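The next block holds one structure in the form of C-alpha cells; read it before the comments.
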Amino acid sequence: MKPNLTKIFVVILLTGIVSCSKDDLRQYDLLQQKNAVESLNDPYLLSSIIKKSSIFYQDMGWGNTRLPGAAQYTMRNYQGGDNYYSGFKDLPTDMYSAMDILKFIDASIKLSDARGSKTHVGIFTTFRVLLFSFMTDFYGDVYYSEALKGREGILYPVYDKQSDIYTGLLKELDDASTLISSGTETISPTYDLMFAGDKTQWLKFCNSLKLRLLMHASAKMTDAASKIATVAALPLLSADADMNASIAYVGTSTVNSWVGGSNNWGNSGDFEKRRPCKTLVDKMISLNDPRALVWFAPIETPWTNDPLKNGISFATTDPNGYTYSSTWEYVDATNPVIAAQIPNILDVDKVYAGFVAGMNGDFKNGNGHWNTSAGGAYGNFKVSKYSKLFQQNSHSLLRAQIMNKDEVQFILAEAVVKGLVSGNADTYYRTGIRYSMKRWGVKDDDITTYLAQTSIALPADNPGKLAKIAEQKWIALFSVASEAYLDLRRTKLPDIFHNGQLATFTFPLRYRYPGNELGQNRNAYDLGVATLSPAVDDEFSKIWLLQ
Amino acid sequence: MLKTMKKTNYYFWSLWPDVNFNKLLLPVKIVVALLLSGLALPAFSLSGENLKSSSGDLLRVVPELQQQKIVVSGTVTDPLTGEPMAGVNIKVNGTTIGTISDMKGKFSLPAAIDPNSTLTFSFIGYVTQEVAVAGKTVIDVTLVNEVTGLKEVVVTALGISKEKKSLAYSVSQIQTEDLVKAGSTNLMKSLDGKVSGVNLTSLSSDPTSSVLVNIRGTTALPSTSDANVSVKGQPLYVIDGIPVGNQTFTSKNGVDFGNILSQLNPEDIENISILKGGSAGALYGSDGGNGVVMITTKSGRGGRKGIGVSVSSSATMDSPYQFIKEQQQFGQGERAYEWQYDNTDTWGPALDGTYVDNFWNVKTQKWDNGPMRSSGENRMKEYLQTGSTVTTNVNISGNYDKGSFRLSLSNMDNSGVMPNTKTNQKSITLNSEYNLTDKIKISASSSYVRTYSPNKANVAGSNSILNSLLFNFPTNLQPLSDMKNYWMTGFEGILMNGAIQKDNGIDKSETNPWWRTYEMINRFSRDNFFGKLQLDWKLSNAFALMLRTGMDNIGENYEYRQSFGNTAFASRAVSGDGQFVTNSSNSVNFNSDAILTFNKSVGKFDISAAGGVNYAYSNSNSYSVSAGALSVPGLFTVANVFPGKLTAGYGWGASPSYSVYGTMDIGWAKQIFVGVTGRNDWKGNLPEEKINYFYPSVSAAWVASETFHMPEMIDLLKVRLGLANVGNGLIRSRSIDTYTFDSPDWSGIVKTANINATLVDPDIKTMQSITKEAGIDVWMFKKRLLFDFTYFVKDQNNQLGGIPLVQGTGFTSMTTNIGDVRSKGFEWGMTLSPVSTKDWNWDITATFTHYKAHILRLSPKFAPNGYVFASYDGKTVVKIAEGEEIGNIYEQNPILRVKTGKYAGQPLLDGDGGEFQNSSNEKDRAQLGNYNPDYIVGLNSSLRYKGFSLNIVGSLRKGGKYISVNQQYMESNGRAFTTLGSGPDNPWWMGGRTPALGGLAWPAEGSSAYDNINSNNDNQRSDFNDASYAKGVFLNPDYDGDPAEATDADYIVNGADPNNTFYQFPYNSYGDVIWNFTSTRTYDATNFKLREVSLTYTLPVSIASKFKVNNVNISLIGRNIFQWNASGRNEDPESAFSGVGVNQGILRATLPSIRSIGAKLAFDF
C-alpha cells in the first residue's frame, strides 16, 4: 500500500474540482452590468427616437415606392406594381415597424419621467402621437389605449375607434406641450439631431403636428374650426428662422445614409429602377419650376423631330453642380425599330420627361425606349432619371423628413380658404412655396420670378384656390410621400387619378391590416373591420376619417 | 528463523503474476539474501508456510509440491477461419502461472503445473473457455466466438457499465469495428443505418458535414421565432463520462464547420451507446431530455500484454453524382424574340445559332458579336471536382499489470468536391490508467484535436456558388473553363472579369464563379482540448468511490476575406470594396463528479446503488471584428477598414450548476430488475434567476425466460417497462427591458440605442419531460436470432418558449409554458445469423424506426384563434396549433380560389391581368407535407468467408415531403423544363415559349368586350406567337357587387373564349407568378441509400507473421454508392435545408450526392 500516493491523488482531484469553480469576476460583471443595461440616459433616448422616427418616415416617403408611386412622384421602371397601387394589395406591415418604435418611446417616457425630465417626456410624447397617428391614418381602427401593455397582462389588445384615437392623440399633444414648456432640464444640442436643443422649436413642432392632425380630421370633427383656430394662434414652425422637423444624414453607413444613396443600394440598378413620374415632371416644367432642375436629370438620349440634331450631344450642369451628358436622337420613321415605337413616344424635343403613371414597370415602357440590349433591364434612356443629388449618401439638401414648415403654411392656406381660420390664404400659400424652394436650395431671385408668374397666382374662386394650394402642396411634399398620399385621399386634389394608364385602377384608401392580426388577434381585427365601410378588410374600404 | 527456512525448498511468486517471479525457483537462502541486501522489500516473518511481510501478504510462500508436475503446451485456433490465434491469454486456475499464445497460436506454460489443474483461455470477442489438463501435456483448443448477447455489457448513464440483460430500457450500442469498417472519417455519419429509434440527418452530402441527431423524434415545439425543431431536439453528448453539451454545428457565413463530434476520430472510439429513453438518460437531468449519446474512447486496457502498435490508413475518392438538369435551348431575356444581355433569366431567344448579338467574351475579355449558342455544359458538374480523403491513424498501446495506456495519433486530409476547399484534422489522444494498489486505480485521458480549413465553401442556401451556378448562369454563357482568368488583365486584384460584364466594360453584372472560389475565403480553425482525471477506489467489497473531473476547452478562429471586385468601380471611392471579418471564441466547460457506488448480493437480491454530486461550470467569450469594406485591395487587416464600415462585437457567458443524483437497481433472482433514479439541479447566476428542479425515473424489467421454463429454442425472453420524469433546467428568466447601443454609431459624436424587451409570464411553471416505454427482448436459437422491440411515448409538457404576440403588446413574444408535445412510436432491431459455419458466417441486422410527434395542448394564453403560423423559409410557414404534427409545412401563399358554386376550387384570377392571386386568408393555407419520414429502415449485412468479409449498409427512408427551392428558381428564371411549354397535363398553365412549344396566337387588338382584357393583352402583344394563360376563372369585369356574393354566372373561364382571355407571355404568367406557389413544387422525400459497402480481406496469420505483423486487413470501401429517390429528381431529400441546418424540408442549392470509393489498410505489430 502506498497511502500517501492515494492521498496525493485525492488532493489533486479535489483541487481540480475546486479550482475550476465559478468565475467570481464574471459573477460580479453580471451584477454590475445588470443595472447598466437596464437603463439609458435622456440624450441617448432622444437621439434614438428622433433617428428611428425620421428614418421610418423617410422610408415611407421615398425608400418604399408604394406611397411615392400612389402620389405619382416616382414610377418604377422595373417590376412596377407600385405604379398602379398593387403594393396596397399586400398586407403592409409598417404598423409593426411603428409599434417597435413606440415600444422604445414608451419605455423612454418611463425612464425620463422617473428622472423628472419633463421636457424630454414631452418631446417623446410628441413622437408617440406622430406614430400612433400614422397607424390610425393608414389602417383605421388600431391599438391605442391597450397598446404596449404586454407586461400589464394585455396580450390581445383590442383596437380603439379612430375617432377616440384622434381625441386621445390631441389630448396627448396638449399634455406634451405643457411638459415641454414646464421642463427645466437642458436638451443636449449634440444629441438633439432635429432641433439642436432648442426647446421652442420642439414646442412649435408639437403644435404644428397638432395642426396637421386637426386638418386630417377637419371634415369629421364638429369643433374642427375652433380647434384649428386655437392651434393656429400657437407658436408654429412658421417663421423664416424656424427649422424643419427633419434630420441631416451622416452618410457613412447604411443606417445613417439617405435612403436612396449608394450605401443603401444592392447595385446601381436600385437607383435606375426609380424614375420621376410624368405627372410631376410635366407639371413642374409647365410651371417653370426651378426645383425640377434640382430633382431631375436630363434624358440621356432625348427624342427630337429635327433630323439635323440627331447625334448631337450637349452637357447640362444642374444647380448642385452635377453634370450630365445627353445626345439627341431623331425620331427616324425609316428605322423600323423606331417606327414601331412611335405610338409610345410621348415626349419629343424635351430634355426632361417622366415615366408614365400606371405603366407596367418594364424597361420598354416609357417614351419609346427601344435599345433594350444597351439599356438592360432598367436602363431606359428616354426618360429622366432623378438627379445625381439623390444618389448621394448625404447632402445638405437631403434630409430625413417628418414635417417641413412649408406644409404648415399650406395647411393654414387651406384652412383660411375653408373658413376655419382667418388670415390671408395667398400669403400662407406663397410663403409655403418660398419655404419649399429654399429648402431645395433655390435662389431668392428665382423664387421671386417663379411667384410672379400668373400661373402661380391663386384664382378668385374657392374651389380654384383649394386646387391651386393642393397642387403646390403636392409639389412641396415631394419625398414626403406619406403626407402627400393622405392629402390626395382626403381632398382628392390635385386631380391626378386618371393620368397615364391609371383610368382603370381604383385609388386605394387605406392599408390592409398586417396578416398576423387576422391570425393572432382575431377579435380585435373583426371589430376593426366592422367599422370600415364597407366592412371588408381591403384597400378600398373607408375608414372613419373618410366616411 | 533462518534456520527453519533452510530446511525446505520454497518457491514464491508475486501476487501480480507478470513480475514473473514464478520463473525463479530459488532456494530460500537466496531469498533471504535478497531480503537482507537492503532492497526495498518489507520485513518478513515466517508464519506457518507463508513468508509474511509486516505490511500485508505481499509475498506468499508455499511449500514445493511433492507431486510430479508436468509442462503443458498447445495451439489455439480461431473457430471460423481455423487460423492460429495469437495473443490469447492462458492461465492456470488457482495459480498465477500464465502465458499468451504466440504468432503461430502456440503456447507453452512457463512452469510445470499440477496435472489436475484447469486452464482458462480468454480473448476479447471470444467466449472464455476452461479446459481441464487431466494429465495431458499438449492441449489444442478452438475458441468460440462470443455472440452479441447474454453477457453483453453496455455503458449507461454516468459511465456505469451494466449487463444488457438487466436493463429495463432500450440502449443501442455500436462497437468500434462497425464504425470503422467503411473508413468513414465522420463519426456521426457512420452511425446511419445501424441504430433503431434514431433519425440521423446530414446537413449536406459532403463527407465532412454535420449531422443532426433526433432520438425518437423531436418533441420540441416550434415557436414563431424559431421553427427549427430538428435543431432544438439534439441529444446530450457525453465523452468518457464528461458531458459536452447538445452539439449542433458551427455555422460561419453560411459555411458548416462541424462541431467537436465531427472531429472525433472513429478509430479512437471504443463504442457508442445511445440512451434513447427517459429512464436511461434521467441521470443527466434536463440536458438529457432528448436522449444521450455516450461515447467511450479506447484505452489500452484489455489488449495484448506489453506494447502493441496498430496502424490504419485509408484513402477515398469523393465524386459527386446525380446533377440537376436544366434546359439548354433558350438564352437570356424575357421573350423568345428579344435578347436581353444583362438579364440572367433564360426566357429569351432559342440558342439555335440564328440569334446574333453582342456579348462579353470572358476568355478574351473583349466585347464580341456572334451567334448565341448553349455552352452545353451542366454547370454544377463542370464546377465540382473529385475530392479526396486520406486518413492515417497510428496508435500505440501498452497493457501491463499495473496499468495501461493508449497513445493515438491521427491525421485526416480532405480535399473537397468544391474546388479550393480543404480540411485537415489532426488528433493526439493519450489515455492511461494505473493501479496504485489493487483497490485504487487512477486514470487520465487527454485529447488534443485540431481542425483547420484554409478554405471551406458554403454548400447550402442562397449564398453558395451552387446557387449562382444553378440559377444565375444562363446556359449561353461561355464554358466555366473559359472563365478561369477571373481578373481583368492588368487589373489583377482590383477588377473582376465578370461572367457577364456591364456595358461600361468595367463592372461585373454577374459574378465570376472562379472569383467566388478563390477570392471569397472562409478560413477556420478549431483547437479542442479535452480530458479527465479519474480516481476509482474500491473501499470495500460493497463500496466504491469514484472522483472525476473533466475539462473541455474549445477555441475557434474564423476569418472571412473577400477581395475587391464585387462593388461597382465608380462606387468604390464612396463605399470601398472587399471585406474582412475575423472572429474568435473560446469556451471552457468543467464537470466534476464524486460518486459512491454500492454493490451487494443478499440472498436472491442483487443490489447496486450509486449516489453522487456534480458541479459543472462553463465560461465562454467571443469577439468579432468586421471590416464591411476595405480601403485598399489585397490587404486583409482591420486597420484597412473603409471609413465607417467597422463593427465589433464582444460577448461572454457563464453558467454554474450544482447537482446531486442517485440511482438504485435491485435485481431479484436474476429475473426481475427494478431501477430508480433521481436528480436535483440548482442553476442560475443572479439571485432572482436561481432555480432548482428534481427529476425521478423508475424502470422495471422481467426476464420471463428465467421465471418460466421456456422451450429450448428460446434463450431469453425479457419484458421491460420504464417511466421517467425530467424537469427543465433553464434558469428563471427575468422580465426586463434592456438597451444596447447601435453599431455603427449614428455619427462620430452621436450614439443611438435599441431596446430589447423580454416578456416573461409571471405564472411560468417548470417544464416536464415524461417518457414511458415498454419493450420486449427475445433471443433465440443459441442467439442466432436476436430481436428487440420498444414502444414509447415521450411527452414534453409545459414547454418553455416564446408564444408570439401581436406587436400591439410591445413585445414580439412572451416566454411562457407554450404547450405539450407528444411523440409516439416504436422501434425494433433484429439480428439474424442464418449461416454460421467454420468458413461461412452471415449476419443480417435490421433496424426500424417510426415516430410521430403532435402538439397535444397549447397554453390558453396562446393566440385566441388557437393557431399561429410561424414563418419558415419565406414561401412556407409552420403551423402551431393543437393536434398539429411536428414537421408539417404549410404554404405561405395559397392560390386564391373560388369558394362556392360550380367553379369552387378553381383559381380565381385577378381582374387586371388574369394572373393567379395570393389568398391573404390564413385559413386557405394548405399543408404541403411533413418532412419527417414515416419510417426508417436500416439494413446491415455482414457476410464472411474465411478471411473475406463483405459488409453492406443501406437505409430506406419512406415517406415525408420536401419543397424544392431549386425548382422555384428554375421556374422563375426559365431553367426548368416545365417552363418551355405547358404540354397536355399542366394543371396551371396553357401555352409555350414558341409556337412549336405550344405558344398561342395573340388575339387582335380590341377583340375583347372588356377594357381590362384589351388593356392587358395590348400591353403584351407581339407578332410572335408566345401567348399563354393561367388556368382559372376571373370575375366578369362588369360585375361590381361584393366578390364574396358572386354566382356562377359572374365568372368567366380564362381560355374558354380566346377573345375574352387574359393572355400573358410565358415569363409573366409562369416565371413571374406560378413560382410563388409552393404547392407546385412539393415532392416525395422517400429515398434509399446504399450507405456503405466494404470488402475486407484478413491476411492469414501464417502469412502475416512472416512480415512480423498481425491482424492485417485490406479493404475496398465505398460509401454512398447509390441513391434512389422516389421523386425521380436529382436532389437529396435528406439534405433538404434552406441553409446550414436551417428550415428542414426546404431544399435549396445543395451539393449533389457524393460517392466515396477507396481502400483501407490496417495492421498491428
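Naming convention: chains lettered A, B, ... in sequence-line order (proteins, then strands); numbering from 1 in each chain. None of the values given here were measured: they were computed from a predicted structure.
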Please state whether the side chain, the backbone, both or neither of [X] comes within less than 4.5 Å of a heavy atom of chain A.
X       : answer
B:K923  : side chain
B:D761  : neither
B:D745  : backbone
B:P1037 : neither
B:F741  : side chain
B:A568  : neither

message: For the backbone of B:T809 and the side chain of A:R151, can you confirm whether one donor and one acceptor N or O come within less than 3.5 Å of each other?
response: no

- Message: Donor-acceptor pair, distance only, cut-off 3.5 Å: does the side chain of A:Y96 make one with the backbone of B:V806?
- Response: no

Next item on the list: Tell me yes or no: between the side chains of A:K89 and B:N918, is some donor less than 3.5 Å from an acceptor?
Entry: no

Heavy-atom distances under 4.5 Å only: say whether [X] touches chain B with side chain, backbone, both or neither.
X      : answer
A:E152 : neither
A:L111 : side chain
A:A340 : neither
A:S188 : neither
A:F505 : side chain
A:I105 : neither

Residues passing the ring-ring contact (aromatic ring centres under 6.0 Å, His included) test with B:F862, sequence neighbours excluded, are none

Taking the basic N atoms (NZ, or NE/NH1/NH2) and the acidic carboxylate oxygens, is any pair closer than 4.0 Å for A:R522 and B:E922? no

Using 4.0 Å as the upper bound for N to carboxylate O, is an ion pair formed by B:D737 and A:K110?
-> no

Could you walk me through whether B:Q807 and A:L102 pass side-chain contact (heavy atoms from CB on, under 4.5 Å), step by step? CA-CA 10 Å; B:Q807 269 109 326; A:L102 282 164; over 6 Å; no

Begin with the C-alpha distance, continue with both residues' side-chain angles, and end with the deciding distance and a verdict on side-chain contact (heavy atoms from CB on, under 4.5 Å) for B:W746 and A:T252.
CA-CA 9 Å; B:W746 172 256; A:T252 51; over 6 Å; no

Pair count under 4.5 Å, heavy atoms only, with chain A: among B:Q332, B:Q917, B:R734, B:Q1020, highest is B:R734

Looking only at B:N754, B:N1012, B:N756, the option with the highest number of non-hydrogen pairs under 4.5 Å against chain A is B:N754

Step by step, work out the side-chain contact (heavy atoms from CB on, under 4.5 Å) result for B:T740 and A:V37. CA-CA 7 Å; B:T740 46; A:V37 299; over 6 Å; no

If you take the centroid of each ring, where Trp contributes its six-membered ring, are A:Y44 and B:Y739 closer together than 6.0 Å?
no

Looking only at A:V536, A:N393, A:T254, A:L193, the option with the highest number of non-hydrogen pairs under 4.5 Å against chain B is A:L193

Pair count under 4.5 Å, heavy atoms only, with chain B: among A:P514, A:P534, A:S39, highest is A:S39

*In sequence, state the C-alpha distance, the side-chain angles, and the governing distance for A:Q520 and B:I803, and then conclude on side-chain contact (heavy atoms from CB on, under 4.5 Å).*
CA-CA 11 Å; A:Q520 282 175 249; B:I803 60 167; over 6 Å; no

Sequence neighbours excluded, the answer for salt bridge (charged side-chain N to carboxylate O under 4.0 Å, His left out) partners of A:K149 is none

